[in-house]
Amino acid sequence: MSSIINNDILSPISSKRTRKEKLFKICGLSAIIFALSMLIILFITIFSKGYSAFYQTRIKLNINFNEELIDPTGAREITTLNTADYSKLISQSLFKFLNIDKNHPKSSEIKSLISYNSFLTLRDRVLNDPLIIGKTVKINLIASDDVDQMIKGNISLNISEENRKISDFQIEAINKLKSDGAILTVFNKTLFTKSDSREPEVSGVLGAIIGSFYCLFVAVCISVPIGVFAAIFLQEFAKKNKITDFIEININNLAAVPSIVFGLLGLSVFINFFHLPRSSPIVGGLVLALMSLPTIVIVTRASLLAVPDTIRDGAIALGASKMQAIFNQVLPLATPGICTGVIIALARALGETAPLLMIGMIAFIPDTPIAITDPATALPAQIFMWADHPERAFVERTSAAILILLSFLIVMNATAIYIRHKFEKKW
Amino acid sequence: MRQLYILDTNLRRNGKHMAEEQIIPISKFNKLKKSTSKKVTISVQNITVSYNGKIAVDNISMNINQNEVTALIGPSGCGKSTFIRCLNRMNDVIENCTIEGKIILNGINIYNPEVDIVKLRTNIGMVFQKPNPFPKSIYDNIIYAPKLHGLVSNKSESDDLVEKSLTEAGLFNEVKDRLNDSGTSLSGGQQQRLCIARAIAINPSVILMDEPCSALDPIASAIIEELIDTLKKKITIIIVTHNMQQAARVSEKTAFFHLGKLIEFSDTSTIFTNPKQKRTLGYITGRFG
Ligand SMILES: Nc1ncnc2c1ncn2[C@@H]1O[C@H](COP(=O)(O)OP(=O)(O)OP(=O)(O)O)[C@@H](O)[C@H]1O
Ligand SMILES: [Mg+2]
């Protein structure tokens with residue numbers, strides 16, 4: 001008897017089956033390896049391009065807050081302090097450091113080593129503390145993007161001077177600054193404290209982050225309550241008939257509508273009809289809310305459906321009304337699923353660019369938005385715009401902004417996974 | 001001889017409807033009932049239930065006595081669950097389910113549109129085939145309904161009620177140290193007793209049990225049977241079961257259903273020893289069903 005069983009186990013049929021199974025496993029495994037390696041390549045390229053944007057070159061200078069230049073009368077009036085020529089303080093100090101006469105033919109090249117906006121730093125120092133006038137203070141000024149790129153080694157010094165962003169004279173000056181220890185590399189705070197700018201060295205993503213945050217805030221406030229209650233009604237209360245079937249089909253279709261269509265809708269309804277301000281996060285948030293609504297409805301219905309009927313019956317048999325049964329017993333059980341779905345829908349909304357295009361949020365907006373009606377841009381929009389600039393400094397900032405966006409998305413998705421695992425109920 | 005079949009009424013009373021509904025045709029009543037010593041709790045009159053027009057329960061009339069255990073037996077799909085769910089109007093939540101006929105509880109037709117369905121269900125509790133504790137703590141499982149109906153007002157009352165209900169369900173000693181554990185962490189039999197405790201916490205006069213032991217092993221079933229025996233002193237119990245021995249052990253009255261019809265309804269001893277109908281005999285001897 002036992003020999004028959006053994007023969008059967010060793011039969012060609014079963015070995016053929018094992019072979020097939022092995023082949024299938026290998027196919028699956030190679031697909032996963034392929035996908036993973038693509039992902040890794042993507043991350044490595046973005047990271048290698050973007051990580052250098054997180055630090056920045058500064059030039060440490062002894063700035064003499066010369067009273068004669070700033071406020072010769074000594075009256076310390078705000079307008080005088082506001083309009084003083086602080087750039088001159090910087091160039092004076094720079095010329096002194098490098099031992100160059102201010103009438104040197106190439107003095108303007110030297111001036112451009114420091115970021116054009118640096119005079120604002122000095123002005124703010126003076127406005128904050130007028131007593132600084134007359135003193136000499138060491139200040140780290142942001143270097144221009146060309147200097148920054150040269151220090152980071154992104155500018156090849158072997159090519160001829162005309163084809164280079166930085167002249168021989170400037171290189172000489174930089175080397176002198178370097179040997180005197182005046183060149184510093186510090187963490188690029190500007191990236192997180194400033195908004196967009198024409199000058200890459202002082203541009204940052206703060207405005208875009210706030211814009212994105214406002215958009216998401218508006219989107220959450222609108223789409224979550226509407227979506228969840230619509231789903232509860234459809235799933236638990238609505239009678240199954242032609243109308244609800246029709247609504248259901250349409251919701252499923254809406255989830256597949258290209259996002260740019262929602263942008264068009266936003267443009268024609270919210271901006272042209274309701275006259276909400278163009279480029280504002282409120283409009284962006286409304287559009288993203290519309291976009292995430294179908295997903296939220298679908299996910300909520302699925303989570304409610306996953307709660308077994310025995311729970312509803314149990315509550316109803318105890319004398320709970322249908323509404324009480326749903327809100328006291330069913331909804332709490334569906335909440336983790338709903339949260340997961342909402343977070344994933346919002347993560348998708350956070351990365352959305354196309355609808356923002358239609359409502360003017362892809363625009364150069366150097367101001368950081370304060371209210372949700374202020375013009376603003378969003379992170380993906382900022383990435384889209386920076387990607388258009390040829391300067392090396394913007395290229396690295398594009399990648400850095402992508403990294404920032406990705407980390408937001410990873411945090412959101414990780415939260416979703418955590419909620420799903422932590423609060424998942426078994427029955 | 002219009003007897004007073006009106007019991008102490010927990011239900012909302014409505015004089016107008018009562019007057020006409022407490023009238024039970026005595027001829028029919030006498031045909032159904034053998035021993036008249038017991039008072040009637042529930043009188044089912046010509047109940048017909050259909051799903052999408054398909055009849056599942058066909059013109060059933062029966063009287064269920066107070067503080068007795070009534071067992072419903074019959075082959076699968078014969079409408080036992082459908083029938084028992086009519087008694088606390090659980091079928092109301094099923095779409096396309098139409099119910100005709102009357103069910104008189106304490107003199108009031110529970111299908112009267114004016115009946116408060118919440119009050120009805122606090123009077124007629126239900127225990128399901130599959131234990132369905134809420135995935136909350138044992139304590140919360142018990143206290144959910146009393147809180148909902150405002151039966152407890154403070155923590156110590158709640159504690160007392162939880163202890164009392166669990167004790168009555170014979171579960172207290174097993175779970176007293178872990179009242180905050182999830183109800184779903186209990187064993188199947190314990191879960192079912194938790195569901196019974198949950199049902200008796202709101203002090204119902206009737207409990208419906210739809211195959212309460214079908215998911216349990218014989219020992220857990222025996223515990224539930226004992227529990228039914230003690231509960232019936234206070235509560236009228238209607239139990240659906242596929243287990244003939246169980247029906248014979250726990251019930252005073254047995255009703256045999258077949259294809260949506262009530263074939264035979266009388267004392268359990270009669271049904272199991274001397275059934276009038278051939279089909280009943282066939283079923284209890286295992287020849288069909
Ligand atoms: N929700 C429903 N919708 C449509 N038909 C139903 C529904 N519930 C039950 N039925 C039908 O009603 C009839 C009686 O079902 P019911 O559940 O009452 O049987 P049962 O006697 O409890 O059977 P079992 O012993 O298997 O539990 C069956 O034919 C069933 O198909
Ligand atoms: Mg059943």
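Just so we're on the same page: letters track the sequence lines, and every chain starts at 1. Everything numeric in this text was worked out from a predicted model, so none of it was measured.
- Around NZ of Lys322(A), the count of heavy atoms belonging to other residues, nucleotides or ligands within 6.0 Å exceeds 12.
- Of all heavy-atom pairs spanning Met126(B) and Ala317(A), the tightest one is CB-CB, 3.8 Å.
- Between Gly314(A) and Arg198(B), the shortest heavy-atom contact is CA-NH2, 3.9 Å.
- Proximity to chain A (any heavy atom under 4.5 Å) is shown, for Phe134(B), by both the backbone and the side chain.
- The minimum heavy-atom distance linking Tyr144(B) with Ala320(A) is given by the pair OH-CB, 3.8 Å.
- Residue Gln329(A) touches chain B through its side chain alone, counting heavy-atom pairs closer than 4.5 Å.
- Formation of a donor-acceptor pair under 3.5 Å by the Asn132(B) side chain with backbone atoms of Thr310(A) is found in this model.
- Residues Ile316(A) and Asp92(B) are not in side-chain contact: their nearest non-hydrogen atoms beyond the backbone lie 4.5 Å or more apart.
- Checked for salt-bridge contact, Asp309(A) and Lys130(B) miss the test: no charged N lies under 4.0 Å from a carboxylate O.
- Taken from CZ in Arg312(A) to CE in Met90(B), the straight-line distance is 11.5 Å, to the nearest 0.5 Å.
- Minimum heavy-atom separation, Leu333(A) to Pro135(B): CD2-CG, 3.5 Å.
- Around CD1 of Ile243(A), the count of heavy atoms belonging to other residues, nucleotides or ligands within 6.0 Å does not exceed 12.
- Heavy atoms from other residues, nucleotides or ligands lying under 6.0 Å from CZ of Phe128(B) number more than 12.
- Looking at Pro204(B), neither its backbone nor its side chain comes within 4.5 Å of chain A, counting heavy atoms on both sides.
- Between the CG atom in Asn96(B) and the NZ atom in Lys239(A) there is a gap of 9.5 Å [rounded to 0.5 Å].
- For CZ of Phe34(A), the number of neighbouring non-hydrogen atoms (other residues, nucleotides, ligands) closer than 6.0 Å is 12 at most.
- How far CG of Leu148(B) is from OG of Ser321(A): 7.5 Å, rounded to the nearest 0.5 Å.
- Heavy atoms only, all atoms of each residue included: Leu318(A) and Ala199(B) are closest at CD2-CA, 4.0 Å.
- At most 12 heavy atoms of other shown residues, nucleotides or ligands fall within 6.0 angstrom of atom CZ in Arg348(A).
- Proximity of Arg85(B) to Asp313(A): side-chain heavy atoms (C-beta onward) are separated by under 4.5 Å at one or more points.
- Proximity to chain A is limited to the backbone of Ile124(B), based on heavy atoms less than 4.5 angstrom apart.
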